[in-house]
Each structure stands twice: as structure tokens, then as C-alpha cells.
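First comes the structure, then the notes that go with it.
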Amino acid sequence: MGEAMAENLLKAGHRLTVYNRTVSKAASLKKLGASVATTPAEAVAGAAFVFTMVTDDAALEELCLGPDGLLPALPAGAIHASCSTVAPDTNRRLAEAHSRHGSTLVATPVFGKPDVAAAAKLWLAASGEDSARRKLRPLLNALGQGVYDFGDDPGAASTVKLCGNFMLGAAIEAMAEAFTLAQKSGLDRQQVYEFFTSTLFNTPIYKGYGKLVAERHYQPVGAAPAIIRKDMRLVLDESRTHLVPMPFANILHDHLSTTVAKGEKVDWAGFAERITDGAGL
């Protein structure tokens with residue numbers, strides 16, 4: 001995801017310095033004109049904007065606050081676009097650290113698979129200090145097909161991201177159960193998929209993930225099960241904090257836990273196999 005987003009910033013004419021914990025992963029960006037830094041601090045020296053896209057909260061906090069982290073080296077007035085899927089409070093804490101430093105964090109999580117990112121068709125949610133959001137907007141426009149503002153709270157956009165991933169998981173669960181019931185009733189699950197995605201559920205999510213579920217083929221891997229399992233844990237953490245019963249979130253987390261425990265190298269939608277396994281198919 002980060003590589004595709006960086007490529008689109010380069011294509012939009014921005015000068016870019018990149019950092020990756022695995023140096024070889026930055027090679028393709030170097031060929032496109034990006035400079036490659038050896039530490040986060042080196043990457044942000046003199047930067048007006050910094051984008052981060054990492055796997056979890058611990059990685060983001062290490063990137064910002066750890067040895068050679070970006071925050072101490074970030075120029076005053078710079079804006080950090082925090083694109084990772086993390087807990088709302090993680091972005092809030094980091095926003096406070098930025099404020100003490102004289103910089104600003106804007107939460108900017110994205111929706112879309114790597115191929116969507118490569119095509120600059122992501123959907124983005126943004127929240128944080130208003131003037132920083134406005135300054136960041138032209139760069140966000142280079143990454144996607146729409147940017148939606150959710151106010152000044154730097155945790156708000158993270159909540160939106162968690163809600164969205166939960167809704168995606170619930171859709172996959174619903175299709176897995178429905179297609180499995182259809183198959184065990186003697187119907188062709190592919191035909192059932194084609195009917196529903198041409199009529200009542202004619203939407204990108206049902207068409208895209210539904211195709212994987214109908215065919216029971218979960219390649220290529222858009223997001224690994226372990227990553228989305230982490231997201232469902234964050235959803236459950238928020239639900240407990242705010243006293244919101246979310247039984248479906250527990251089901252999704254459990255299915256993903258099984259998928260991770262089995263070591264399956266599939267897209268996260270592969271947790272749909274838990275339903276077909278349970279039905280004896």
C-alpha cells in the first residue's frame with residue numbers, strides 16, 4: 001500500500017524521500033526518482049509533509065518516537081498524514097506529541113486494496129486540525145477518488161476506518177453463510193453470486209469480495225488475515241470502551257483467529273472458509 005501511494009505522489013510531481021525497514025522494498029521507488037533514507041529521522045529532514053503506512057500501532061509509535069524516529073527530526077509546521085489502521089487513541093496520543101513539537105498529525109486512513117492504491121482510486125477519511133487538513137488535501141487528492149473530512153479530533157478518522165473494516169467483514173460473513181446454504185441446498189454458488197451482485201447487491205464490495213467467496217479462491221492476498229484480525233481486535237476494544245455490543249465483531253475475530261492459527265496464506269476474506277468447513281463442504 002505504501003509503495004503504491006508513494007508512486008502516485010511521485011507521479012503528481014512531488015519530491016519524495018522514502019524509508020522502509022526493509023531497504024530493498026524501496027528500490028522501485030528509487031528508480032522512479034525518490035531518495036532513499038536509512039532512518040525515519042533522515043527521511044523527514046526538511047519535509048513539509050510526511051506519510052506513514054505501517055502494520056500496527058506499535059510500529060507507528062516506534063516509527064514516530066523510537067530511536068531515530070521521525071518526530072524529533074520533523075521541522076516545525078510540518079504535517080504528518082497517519083494512514084495506518086490504528087486505534088483512535090494512538091493517533092490522539094501522537095497528535096499531542098506533534099503539538100508539543102510544533103507539528104501536526106492528521107489521521108488519514110485509506111480504503112482499498114493495493115491494486116486500488118496503484119490506480120489512485122482509494123477512498124480516504126481525514127481528521128485533525130482544520131488548517132492542516134486543508135493544506136494536506138491536494139496531496140490526498142493524488143492518492144484517491146475522494147477525501148471525506150471528519151472534524152478536528154485526530155482519532156475520528158481512525159474510528160471510521162475501524163467501522164468500515166468491520167462492515168466489510170460482516171459482508172463477507174453474510175455472503176459466506178448465504179452461498180454455503182445455497183450450495184448445500186443443491187444450487188450453484190457462482191450462479192447465486194451472479195444473481196445477487198447483478199440485482200440487490202450490485203456494489204463493488206459484494207462483487208469483489210463476493211467473487212472470492214463464491215469461487216472459494218482467496219488469491220491474490222490484498223490484506224493478510226493477521227492484519228485484519230488486529231483491526232477486529234481494535235474494533236472490539238472500542239466497543240468495550242463505549243459500551244457497544246458487537247457480537248458480529250467477535251465472530252469475525254474468532255474466524256480470523258482460526259485462519260491465522262492454521263497458517264493459511266490467503267487474503268483475509270479466506271475466513272469465509274470457516275463457514276464452508278463447518279458445513280462439511
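Just so it is clear, the model here is predicted, and its values are computed rather than measured.
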Give the C-alpha distance, both sets of side-chain angles, the deciding distance and a yes or no for salt bridge (Lys or Arg N to Asp or Glu O under 4.0 Å) between K121 and D115.
CA-CA 9 Å; K121 294 295 185 182; D115 59 332; over 6 Å; no
Do K211 and Y193 meet the cation-pi criteria used here (NZ or CZ under 6.0 Å from the six-membered ring centre, within 45° of the axis)?
no
Could you check whether E264 and Y218, counting side-chain N and O atoms only, form a donor-acceptor pair closer than 3.5 Å?
no
Ring-plane angle category for Y148 and W123, please: parallel below 30°, perpendicular beyond 60°, tilted otherwise.
tilted
Begin with the C-alpha distance, continue with both residues' side-chain angles, and end with the deciding distance and a verdict on salt bridge (Lys or Arg N to Asp or Glu O under 4.0 Å) for D149 and R137.
CA-CA 10 Å; D149 288 330; R137 178 61 75 94; 3.0 Å; yes
side-chain contact (heavy atoms from CB on, under 4.5 Å) partners of A176, counting only residues at least two apart:
V213, A272, I275
Can a donor-acceptor pair be found, under 3.5 Å and without considering hydrogens, that links the side chain of E129 to the backbone of S131?
yes
Applying salt bridge (Lys or Arg N to Asp or Glu O under 4.0 Å) to K230 and D57, what does each step give before you reach the verdict?
CA-CA 10 Å; K230 174 266 301 181; D57 302 61; 5.3 Å; no
Show your reasoning for whether side chain to side chain donor-acceptor pair (under 3.5 Å) applies to E3 and S28.
CA-CA 9 Å; E3 181 180 357; S28 63; 2.4 Å; yes
Sidechain-backbone polar pair: D267 side chain, G270 backbone, donor-acceptor under 3.5 Å
no
Given H98 and T104, is the side chain to side chain donor-acceptor pair (under 3.5 Å) satisfied, shown in steps?
CA-CA 5 Å; H98 273 283; T104 307; over 6 Å; no
Which residues pass the side-chain contact (heavy atoms from CB on, under 4.5 Å) test with R15, not counting sequence neighbours?
none
Donor-acceptor contact below 3.5 Å, side chain R189 vs main chain Q183
no
A side-chain contact here means heavy atoms from C-beta on lying under 4.5 Å apart; do L65 and L94 qualify?
yes
Taking the side chain from E173 and the backbone from G169, do they hold a donor-acceptor pair closer than 3.5 Å?
no
Quick one: sort the Y209 and W268 rings into parallel, tilted or perpendicular, breaks at 30° and 60°.
perpendicular
To the nearest 0.5 Å, atom NZ of K262 lies from atom OG1 of T259 at 8.0 Å
Would you find a donor on one side and an acceptor on the other, under 3.5 Å apart, between the side chain of D188 and the backbone of Q191?
yes
With a 4.5 Å heavy-atom cut-off, do F51 and L143 have their side chains touching?
yes
Determine whether the side chains of S82 and N91 contain a donor N or O and an acceptor N or O closer than 3.5 Å.
yes
Spell out, as yes or no, whether a donor-acceptor pair under 3.5 Å connects the side chain of S35 to the backbone of T17.
no
Verify whether one side chain among T276 and E273 offers a donor that lies under 3.5 Å from an acceptor in the other.
yes
For the pair K25 (side chain) and N20 (backbone), establish whether a donor and an acceptor sit closer than 3.5 Å, ignoring hydrogens and angles.
no
Is atom CZ of F248 surrounded by more than 12 heavy atoms (other residues, nucleotides or ligands) closer than 6.0 Å?
no
May I ask whether L74 and L136 are part of the same hydrophobic cluster, defined by side-chain heavy atoms of I, L, V, M, F, W, Y residues being less than 4.5 angstrom apart, directly or through others?
no
Approximate separation, where rounding is to 0.5 Å, of K161 NZ and F111 CZ:
5.0 Å
Say whether, by atom type as modelled, one donor and one acceptor occur between the side chain of S127 and the main chain of D153 under 3.5 angstrom.
yes
Heavy-atom closest pair, residues A126 and T108:
CB-CG2, 4.1 Å
Are S103 and H80 linked by a side-chain donor-acceptor pair shorter than 3.5 Å?
no
Taking T241 for its side chain and D237 for its backbone only, find out whether a donor-acceptor pair lies under 3.5 Å.
yes
Counting N and O atoms only, with roles assigned by atom type, does the side chain of S239 sit under 3.5 Å from a partner on the main chain of L236, one being a donor and the other an acceptor?
yes
